[in-house]
Amino acid sequence: MKYKLFTILYILKMNQNTIFYGSSESPFGFCSIAFSNSKVCSLIFPENEEEAQKDFRRRLNTDKLEKNEAEAIRIITAIFQYSYRPELDLHGTPFQMSIWEALQQIPAGKTSTYSEIAAAIGRPKAVRAVGTAIGANPVAYLIPCHRILRSDGGMGGYRWGLAIKKKLLEAEGVKM
DNA sequence: AGGACAACGGTCT
DNA sequence: AGACCGTTGTCCT
């Protein structure tokens, strides 16, 4: 009986594996990532580490968050210097998942629009909601939400500031 | 070209 | 139920 209880607690603890995080400079500014079992849960461009921690805690809905700066720097460097594509660990509503999926189909250097994405997932009228779902993209850069522009040619928004969006697009040779 | 505005749909509180 | 939004098409000046 006692044994059973401990097994269950152990399994629960293992099931909620801890998420590690850390930050480093990147070609596009200060960058933080959260990862678990070598899968990347989130990549963001916050102001500082404190904002990163808050964002991760809320977004990933966990209190098991531990700093691992060395590994974070290693992953960030690999991503930006050697275009390493880590596996992603994504969680979202079906609507969000389908949109994040669609975003990943857009090759570097190409752009799309909020309404095109809406059409692509079969909800042509959900344009506004597509905007918010794109804004909720947990993995910036790797899931290229920066490649989405307004249909009138405008920049649209960017969760981490338009300056970074612009930088990302310029680096891909997109002209605006 | 650019501003105001209503309609839209998913998500959060 | 209501408010919030990384939008868009339309109707103006």
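Proteins get letters first, then strands, A, B, ... in listed order; numbering begins at 1 in each.
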TODO: Go through the side-chain N and O atoms of A/E116 and A/S112 and say whether any donor and acceptor fall under 3.5 Å apart.
DONE: yes
Task: Verify same cluster id: A/Y82, A/I76 (apolar side-chain graph, 4.5 Å) - done: no
Task: Any side-chain heavy-atom pair of A/K165 and A/L169 under 4.5 Å - done: yes
- [ ] Please state how far atom NZ in A/K125 lies from atom P in B/dA6, giving the value in whole angstrom units.
- [x] 20 Å
Task: Rounded distance in Å - CD (A/Q96) to P (C/dC5) - done: 16 Å
Open item on the list: Whole angstroms only, please: what is the CD1-P distance between A/I148 and C/dT8?
Closed with: 10 Å
Open item on the list: Below the 4.0 Å mark, does C/dT7 have OP1 or OP2 next to a side-chain nitrogen or oxygen of A/S115?
Closed with: no
TODO: Select one nucleotide: of B/dT11, B/dG10, B/dC8, the one nearest the side-chain heavy atoms of A/T93.
DONE: B/dT11
Open item on the list: Side-chain N or O of A/R150 versus OP1/OP2 of C/dT7: is the shortest distance under 4.0 Å?
Closed with: yes
Task: Among B/dT13, B/dG10, C/dG6, the one nearest A/K165 by side-chain distance - done: C/dG6
Task: A/F95 side-chain proximity, nearest of B/dG10, C/dT8, C/dC5 - done: B/dG10
Task: Integer-rounded Å distance: C/dG6 C1' and A/L103 CG - done: 11 Å
Task: 4.5 Å side-chain heavy-atom contact, A/F28 and A/W160 - done: no
TODO: With heavy atoms under 4.0 Å as the rule, sort A/Y114 into base, sugar-phosphate or nothing.
DONE: base
- [ ] Write down the distance between CG (A/L168) and P (C/dG6), rounded to a whole number of angstrom.
- [x] 18 Å
- [ ] For C/dG6, take OP1 and OP2 only and decide whether either is under 4.0 Å from a side-chain N or O of A/T132.
- [x] no
Open item on the list: The side chain of A/R128 is closest to which nucleotide in this list: C/dT7, C/dG6, B/dT11?
Closed with: C/dT7
- [ ] Could you tell me the separation between the CG atom of A/D152 and the P atom of C/dG9, rounded to a whole number of Å?
- [x] 8 Å
Open item on the list: Is there a side-chain contact between A/N137 and A/H146 in this structure, where contact means two heavy atoms from C-beta onward sitting under 4.5 Å apart?
Closed with: no
Task: Length of the CD1-P vector between A/I134 and B/dG10, whole Å - done: 14 Å
Task: salt bridge (Lys or Arg N to Asp or Glu O under 4.0 Å) against A/R123, all qualifying residues, sequence neighbours excluded - done: none
Task: Paired and unpaired positions of DNA chain C as dot-bracket, Watson-Crick or G-U wobble under 3.5 Å, | denoting a partner strand - done: |||||.|||||||
Task: Nucleotide B/dG9, atom P - distance to CD1 of A/I99 in whole Å - done: 14 Å
- [ ] Could you tell me which residues satisfy salt bridge (Lys or Arg N to Asp or Glu O under 4.0 Å) with A/K54, sequence neighbours excluded, listed by chain and number?
- [x] A/E50
